[in-house]
Amino acid sequence: MSKQPAPLSVQRWTPLSVAATLAIAGLMIALAFTPLFASAEVIDRLTTLFIYIILAIMWNALAGYGGLVSVGQQAFFGLGAYAAIRLSYWGVPVYPALILGALLAGAVALPLSVFALRLKGGEFAIGMWVVAELAHLLVNLDGLIQGETGTSLIALNAFSPDHRRADNYWLALAAMAVAAAVVFALLRGRLGVSVQAIRDNEEAAASIGVRVLGGKRVIFILSAIGCAMAGTLWLATSITFEPKTYFSVQWSAYMIFMALVGGLGTFEGPILGAILFFLMESLFGATGVWYLVGLGAAAVVFSLFLPQGLWGFIENRFTWRFLPIGYHLRLPEED
Amino acid sequence: MIWVSQILQGVLLGGYYALIACGLSFMFGVMRIINLAHGDLAVLAGFLVWFIAGQTGINPFLALALVIPLMAALGWVLQRTMLERSLRAGELVPLLSTFGLAIVIENLLFEQFGADTRSLAPYIGGLSYDSLTIGGQIYLSYLGIIIFAVAVAILGGLHFFLGHTNLGRAIRATAEDIDTAELVGINSRAVYAAAAAIALATVAVGGAALGMRATFAPYAGPAQLIFAFEAVVIGGLGSLWGTLAGGIALGVAQNIGATINTHGFLIAGHVVFLAFLALRPFLTSLNAKGRIKALLRRAA
């Protein structure tokens, strides 16, 4: 009598991912209390890091999972900051204006998605870039912004610098946690599976009943809101709004670098990429041009030789899965 | 009268856009790559012409004759070292690697030449401002007319080359179906490298045109890429004569926009491009006759 092959079991949580999730929860609690004792500089730097992580997560959600490479996410970064300034000018209290501004800028993505998501590959990439350029030109027309001169979020001056620094930090930390949690929840669920199917082969996915447009739209709007939130947080830390800086394609370069080097299409990768980017900027940012040459060169090298990024490499090499997003097939124990 | 003049200026500007776009269109048509470093490569060519003309004192047209083979060689090398590998890795990787290349090129140019804006106009004497007068009211610059003519000549030349030469046929066969082309003995790697070299040779001409008709600076590349891309898309991706039509549509839209409002030049161009993208599905369904023709051709 032939022995039946033992059935495979599907496992989502592994001991490692349970430990890692607990460690992350612990880290978040520690980070929440950091402003109570850390120096002003540390708080400012960490706030910047959180903004980078938000950008990296959002660009990765779009490109790494949705298969949509955008060179125009700075559109939302800039529109978020602009909306916050407008709302604050109209009398909305400044911190709610930052959050509401991000949501409003994200709302722009809904009508935009109708035509943007019909574009594929390079058409989408540059189409979004044109959207960002157009958004920049139109924001310049608003008298409040004074063209390229820009303006400031003066309402923030009502808070003392220390107070403001801590508030910005907590808002950035919370935004980062929410962004990561939302992307995590989406990717772990049905949507995650469907958008990855779309990324890998849109026609095949559609043929087995995946709602292609719906899945892409959710990711597109989510990414827009996230990038806009990063923009309003950037505004909160720098106070000044110069359209040229906010709508610069350099943000796309940063996002691509972080997601690509960390690991496109992995959850942990872009976070690692953002931390690396942050460290590189701290170490070499002062060298200016050469630093940017290095970022570009790294993007070339990683896309050619290590397209799965550092985290993808680590995952494949050591089969570490810190967070329970995927599925693991396990053979039952032999007796 | 101002409208006629603006539209004619737009047509000439469209010639420049078509010239800068034809390499992008050609590369996309053959290799299905959208090269995000396209604009920066054109600016690089502009700097090379400017540098050679400035250092040796030779005529910039002669300098361009030196830069064309240089850029073609660069195209060959890029294809062999970078694009070939990106192409194998899927649809998104070429976007990422060429975007990285764009950042490298523009920052190296900045490192080498600084932030100053440059122009080739001082080297071409009266050609930079002489113009043809029509009816005493419309001025068409000779340079604009030359650039338009060069664009038509290059597009026509590429068209003839693809249709009537062995290498052209090999390129079309490879673009159509790379595996079948290989089966009948075409070396697709060599064909792609040749196509990239041709594309960058046209980019050299486009970069020189940029330097002669206006000023440029190290970070001028992305704007050129966007204009070129808008021309290519409006004209129909991968269609060479369409690129000329797209360039003209963009140039005319920008000039009409500028006549309406001082900020209107760029806005009108982008709006027309995005409106075109939004309406394209309806336009293609209107074009049912063309589709039926294509079906019949396929059936035959």
How far apart are the C-alpha atoms of B/L225 and A/W129, what are their side-chain angles, what is the distance that settles it, and do they pass the side chain to side chain contact (heavy atoms under 4.5 Å, CB included) test?
CA-CA 11 Å; B/L225 167 70; A/W129 195 350; 3.4 Å; yes
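- If you measure heavy-atom distances from B/E230 to chain A, the contacts under 4.5 Å come from the side chain alone.
- For B/L36, the part sitting under 4.5 Å from any heavy atom of chain A is the side chain, from C-beta outward, and nothing else.
- Both the backbone and the side chain of A/L304 come within contact range of chain B, judged by heavy atoms closer than 4.5 Å.
- Only the side chain of A/V71 comes within contact range of chain B, with heavy atoms under 4.5 Å apart.
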Set out, in order, the CA-CA distance, both residues' side-chain angles and the distance that settles side chain to side chain contact (heavy atoms under 4.5 Å, CB included) for A/W290 and B/L108, then state yes or no.
CA-CA 8 Å; A/W290 285 112; B/L108 284 180; 3.6 Å; yes
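- Contact between B/L95 and A/G121 at its shortest, heavy atoms only, is CD1-C, 3.9 Å.
- Contact count versus chain B (heavy atoms, under 4.5 Å) is highest, among A/V300, A/V131, A/V130, for A/V130.
- Proximity to chain B (any heavy atom under 4.5 Å) is shown, for A/E123, by both the backbone and the side chain.
- The two atoms that bring A/G122 and B/F229 nearest to each other are O-CZ, 3.9 Å, heavy atoms only.
- Chain A forms the most heavy-atom pairs under 4.5 Å with one residue out of B/P94, B/A102, B/P222, and that residue is B/P222.
- In this structure, no portion of A/L295 lies under 4.5 Å from any heavy atom of chain B.
- Using a 4.5 Å cut-off between heavy atoms, A/L260 contacts chain B through its side chain alone, with no backbone atom that close.
- Nearest approach of A/A253 to B/I103, heavy atoms of both residues: CB-CD1, 3.3 Å.
- Counting heavy atoms from C-beta outward, A/F115 and B/L274 have side chains that approach closer than 4.5 Å.
- More than 12 non-hydrogen atoms from other residues, nucleotides or ligands lie less than 6.0 angstrom from CZ of B/F113.
- Rounded to the nearest 0.5 Å, atoms CZ (B/F110) and CG (A/L292) are 9.5 Å apart.
- Atoms OG and CZ, on A/S303 and B/F99 in that order, are 12.0 Å from each other to the nearest 0.5 Å.
- With a 4.5 Å cut-off on non-hydrogen atoms, A/A297 touches chain B through its backbone and its side chain both.
- Side-chain contact between A/I126 and B/V233: absent, with no pair of heavy atoms (C-beta onward) separated by less than 4.5 Å.
- B/I105 does not touch chain A: none of its heavy atoms, backbone or side chain, sits under 4.5 Å away.
- No donor-acceptor pair under 3.5 Å is formed between the side chain of A/R118 and the backbone N or O of B/R280.
- Applying a 4.5 Å heavy-atom cutoff, the residues of residues 250-272 of chain B that approach chain A are B/H263, B/L266, B/I267, B/H270, B/V271.
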